[in-house]
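Only one structure is covered here, and it is reproduced in the block below.
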Amino acid sequence: MAIRVQADDFDIGAELAALTEGDASIGGVTSFIGLVREMGSGPSAMTLEHYPGMTERQLAEIEAEANRRWPLQASLIIHRYGRLEPGDRIVLVATASKHREAAFESCHFLIDWLKTRAPFWKLEETAEGSQWVEAKDSDDAAADKWQQR
Amino acid sequence: MAIRVQADDFDIGAELAALTEGDASIGGVTSFIGLVREMGSGPSAMTLEHYPGMTERQLAEIEAEANRRWPLQASLIIHRYGRLEPGDRIVLVATASKHREAAFESCHFLIDWLKTRAPFWKLEETAEGSQWVEAKDSDDAAADKWQQR
Amino acid sequence: MKLLYFAWLRTKIGVSQEDVAPPAEVRDVASLIGWLQTRGPNFADALKNPSVVRVAVNQEYVRPGHPLAAGDEVALFPPVTGG
Amino acid sequence: MKLLYFAWLRTKIGVSQEDVAPPAEVRDVASLIGWLQTRGPNFADALKNPSVVRVAVNQEYVRPGHPLAAGDEVALFPPVTGG
């Protein structure tokens with residue numbers, strides 16, 4: 001289990017290799033990479049604000065919950081903050097398990113819960129000035145489906 | 001869309017970076033890496049046999065089906081053959097989409113269908129000699145759930 | 001009591017954190033928000049719709065009825081949009 | 001007609017591929033398997049349970065009733081175990 005909150009980019013290949021290093025009981029690794037999307041008219045950068053301290057605590061709680069629900073050999077969450085441009089990586093979530101179902105479900109769970117619980121806020125740079133991104137109902141719905149299990 | 005069947009290992013970081021390169025409409029990339037698991041008593045290598053020609057054709061059909069079912073910006077399947085040892089990578093499946101649900105579902109679909117359709121066979125080296133791995137009912141069940149959609 | 005504001009709550013209020021000593025009748029999160037609304041037009045505007053304000057006490061999410069103590073770290077922010 | 005065998009079908013039969021000219025009554029996959037079973041104890045053993053044999057004609061999966069033509073590439077193999 002590992003959590004990192006950082007301004008810098010990360011090396012996907014190195015991170016995923018380190019996740020499984022030395023544990024040959026792992027049969028599958030599922031990962032999700034979130035990227036800054038170009039919105040509507042032209043490139044728009046954004047700045048990610050977060051709540052230092054609470055962020056790490058919430059991510060650790062979400063990761064611990066995934067480890068309670070699924071038999072995981074390893075897990076990793078890296079989330080960036082600061083100014084990011086379209087195409088930049090925002091987040092990496094990865095889970096490793098003996099079997100692929102557990103890896104898929106736990107990885108999906110982590111990103112869904114992170115989206116509604118980890119204290120990050122996106123400030124988008126638009127042609128009309130900076131604008132705080134509004135939370136999406138679809139994110140709440142995605143997180144809720146894991147409550148019903 | 002890309003398919004590769006090869007004996008050599010692959011570079012996860014480079015493959016995933018290339019998948020999203022130049023397309024800032026991509027919001028999420030889900031990937032699955034399958035690894036050779038150490039079975040029961042001690043390390044056991046394996047040899048993956050395949051059906052050249054049909055393998056590429058089946059993988060391309062599976063990938064085309066995923067692209068019909070989900071709005072994908074990019075997808076990639078790399079599958080190795082030949083002799084592999086515990087901890088070695090066997091397969092990489094990755095899908096990129098504007099939204100994470102499509103990326104997760106299509107990636108999961110690809111590996112489930114690949115497991116029951118792509119003509120690969122595992123020959124395990126055990127203490128009692130080489131043994132062909134038997135197909136798992138759980139793989140059929142995993143693939144079947146995508147039929148019912 | 002330490003107060004923290006994030007995202008548009010921070011920009012509307014105009015400060016990111018402050019130390020406050022609320023009156024004795026402020027015993028829970030709901031009454032804290034009620035008191036903050038009286039501290040000026042910036043607070044009144046930022047907190048005019050408490051249903052869109054999320055609150056964490058000592059870095060854990062809490063509900064409006066959550067009791068408060070003098071040494072608490074209380075954060076107010078909009079629904080999160082990371083990931 | 002080109003025949004290909006994979007995995008334990010290949011090791012039991014002892015060849016990986018061969019060119020054959022089946023008799024005229026072999027018109028579909030099921031009758032091909034019936035004919036192959038008569039070609040020796042290695043074939044009889046490998047094909048004794050046709051329900052565990054998967055068949056591809058020209059690299060596409062087919063069912064036992066699938067018709068065969070002289071120039072077809074026919075592959076016989078056990079259920080796949082890759083990924």
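Because the structure is predicted, anything quoted here is derived from the model rather than measured. Each chain gets a letter, A, B and so on, in the order the sequences are listed, and its residues count up from 1.
- Along residues 52-83 of chain C, the residues that come nearer than 4.5 angstrom to chain A, judged on non-hydrogen atoms, are A56(C), N58(C), Q59(C), E60(C), Y61(C), E73(C), A75(C), F77(C), P78(C), P79(C), V80(C), T81(C), G82(C), G83(C) in order of number.
- For I90(A), the part lying under 4.5 angstrom from a heavy atom of chain C is the side chain only.
- Residue R83(A) places its CZ atom among more than 12 non-hydrogen atoms of other residues, nucleotides or ligands, all under 6.0 Å distant.
- Of all residues in residues 130-141 of chain A, those placing a non-hydrogen atom less than 4.5 angstrom from a non-hydrogen atom of chain C are W132(A), V133(A), E134(A), A135(A).
- Heavy-atom pairs under 4.5 Å with chain C were tallied for F120(A), F32(A), Y81(A); the largest tally goes to F120(A).
- Applying the 6.0 Å contact sphere to NZ of K12(C) captures more than 12 heavy atoms from other residues, nucleotides or ligands.
- Between E49(A) and F6(C), the shortest heavy-atom contact is OE2-CD2, 3.3 Å.
- Atom CH2 of W121(A) and atom CG of L9(C) lie 9.5 Å apart (nearest 0.5 Å).
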